[in-house]
Amino acid sequence: MPNSALVSLNSVNKQFVDGNEVHAVLSDCELVMATGSSIALMGASGSGKSTLMNIIAGFEPLNSGKLVLDGQDTSQWRDSDWSDFRIHKLGVVFQQFNLLTPLNVRQNIAFPLSLAQMQWNDWCDYLVETLGLSGLLDRHVAALSGGQQQRVAIARALASQPKLLLADEPTGNLDEQSGREVMQLLADITQQGNTAVLLVTHSEECAAFMQSRLRLVNGQLYDAS
Ligand SMILES: Nc1ncnc2c1ncn2[C@@H]1O[C@H](COP(=O)(O)OP(=O)(O)OP(=O)(O)O)[C@@H](O)[C@H]1O
């Protein structure tokens, strides 16, 4: 494995048990993602894209195989190791946004900063401006439209400049223009080399903003570039 690998999955298997039935979702799945790279993860509905994201974020355990994150084998990680990774190195844009509804936009974006003991900074101002959130900072997130909430979720995920961004269809609620602006932002941050992006998308147009494209079929990843 090259030293620069940020994410490495080696022969990963994941099944879900539903009553007497076992559903294999990932089967000897392999992935190497370099620091600062960007990958569009495509595949049919139900093929396991969100499951793969959840495994990398530590929200789902794998059944067998090896997951290495930033050079560390995660098999022995305790909850505190996962928390450390999530706070300091990971940003996630969930399909359902998962915003903190009692809080306003600024507080949502600042939340990961407080966990990482960081302050609001120029990067946060840049994100707010680029994502068109400047006029919304004092609004409660529950009162926002789906597209506005999605842009808050993206700003929150990027606020602490994570080494890895996992984004599950982050433009699904946006109009074409806003969607392109978000994709350009994601392409830019990977060009700058500090943040790697794993993007789940059904859109070929969004996928084209990423450096490479992979398709999940029968539990394995194939080059779809
Ligand atoms: N917690 C769970 N318990 C049982 N089965 C699950 C669970 N999570 C996912 N699955 C099953 O795993 C399979 C893959 O689901 P997943 O959500 O990863 O697919 P996806 O590729 O992200 O789909 P979509 O494009 O529709 O979002 C599906 O058959 C789903 O029903």
Side-chain angles (χ1 to χ4, degrees), residues 6-33 37-69 74-75 77 79 82-83 85-86 90-99 145-147 149-154 156-157 162 164-176 178-180 182-183 186 196-225:
L6 179 61
V7 180
S8 160
L9 273 77
N10 185 222
S11 207
V12 164
N13 289 285
K14 176 69 185 175
Q15 298 108 31
F16 289 108
V17 179
D18 189 2
N20 292 328
E21 289 186 27
V22 177
H23 297 285
V25 179
L26 301 179
S27 305
D28 290 329
C29 186
E30 304 278 338
L31 171 69
V32 177
M33 195 171 177
S37 63
S38 62
I39 296 177
L41 176 57
M42 309 184 78
S45 179
S47 58
K49 303 178 296 297
S50 301
T51 301
L52 181 60
M53 295 275 216
N54 286 335
I55 285 174
I56 294 171
F59 300 134
E60 283 284 357
L62 39 85
N63 294 114
S64 64
K66 192 164 159 182
L67 170 61
V68 178
L69 293 173
T74 61
S75 59
W77 274 11
D79 287 350
W82 278 110
S83 293
F85 175 71
R86 291 189 199 115
L90 181 69
V92 183
V93 182
F94 297 94
Q95 239 176 354
Q96 311 301 335
F97 315 144
N98 293 7
L99 296 175
S145 73
Q149 291 189 12
Q150 190 152 41
R151 285 181 278 133
V152 176
I154 294 162
R156 183 181 63 173
L164 175 63
L165 177 75
L166 303 176
D168 205 342
E169 302 196 50
T171 60
N173 285 62
L174 303 182
D175 61 72
E176 271 184 39
S178 309
R180 271 197 291 274
V182 165
M183 289 313 305
L186 299 186
V197 177
L198 183 59
L199 168 89
V200 167
T201 183
H202 289 285
S203 155
E204 295 283 351
E205 194 189 342
C206 289
F209 281 86
M210 300 288 99
Q211 292 156 1
S212 58
R213 282 148 288 284
L214 297 176
R215 188 168 295 278
L216 187 53
V217 182
N218 294 332
Q220 299 196 336
L221 289 165
Y222 296 89
D223 189 356
S225 290

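First listed ligand is number 1; within each ligand, the first listed atom is number 1.
- Looking only at heavy atoms of the protein, atom 27 (O) of ligand 1 is closest to Gln95 NE2, 3.5 Å.
- In this structure Trp77 satisfies the side-chain hydrogen bond (donor to acceptor under 3.5 Å, both in side chains) test together with Gln72, sequence neighbours excluded.
- Distance screen at 4.0 Å: atom 12 (O) of ligand 1 has a protein heavy-atom neighbour inside the cut-off.
- One distance of note links OG of Ser212 with CE of Met33; it measures 7.5 Å at 0.5 Å rounding.
- Within 4.0 Å of atom 30 (C) of ligand 1, not a single protein heavy atom is present.
- Closest to atom 17 (O) of ligand 1 among all protein heavy atoms lies Ser50 CB, 3.8 Å.
- For atom 26 (O) of ligand 1, the closest non-hydrogen atom of the protein is Ser45 OG, 2.6 Å.
- Residue-to-ligand polar distances keep Gly43 apart from ligand 1: every N/O pair is separated by 3.5 Å or more.
- Distance from atom 16 (P) of ligand 1 to its nearest protein heavy atom, with residue and atom name: Thr51 OG1, 3.7 Å.
- Between the Arg213 side chain and the Ala207 main chain, a donor and an acceptor come within less than 3.5 Å of each other.
- Each of the atoms 18 (O), 19 (O), 20 (P), 21 (O), 22 (O), 23 (O), 24 (P), 25 (O) of ligand 1 lies under 4.0 Å from some heavy atom of Lys49.
- In this structure, CG on Asn63 lies 4.5 Å from CD on Gln15, to the nearest 0.5 angstrom.
- Distances between N or O atoms of Gly46 and those of ligand 1 include at least one value under 3.5 Å.
- For ligand 1, the polar-atom distance check finds an N/O of His202 within less than 3.5 Å of one of the ligand's N/O atoms.
- Set against the non-hydrogen atoms of Ala44, the atoms of ligand 1 under 4.0 Å away are 21 (O).
- Defined by atom type and a distance below 3.5 Å, a donor-acceptor pair is present between the side-chain atoms of Glu30 and Asn10.
- At least one donor-acceptor pair under 3.5 Å links the side chain of Thr74 to the backbone N or O of Leu67.
- Residues Leu165 and Val92 share a closest heavy-atom pair of CD1-N, 4.3 Å.
- For ligand 1, the atoms lying closer than 4.0 Å to a non-hydrogen atom of Ser47 are 19 (O), 21 (O).
- Residue Asp18 places no heavy atom under 4.0 Å from ligand 1.
- For atom 9 (C) of ligand 1, the nearest non-hydrogen atom of the protein is Phe16 CE1, 3.4 Å.
- Between Gln150 and Asn173, the shortest heavy-atom contact is OE1-N, 2.7 Å.
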Anything under 3.5 Å between a donor and an acceptor, one on a side chain of residues 43-56, the other on a protein residue two or more places apart or in another chain? List them.
residue, atom, partner, partner atom, Å
Ser47, OG, Ala44, O, 2.6
Lys49, NZ, Gly43, O, 3.0
Lys49, NZ, Ala44, O, 3.0
Ser50, OG, Asp168, OD2, 2.9
Asn54, ND2, Ser50, O, 3.3

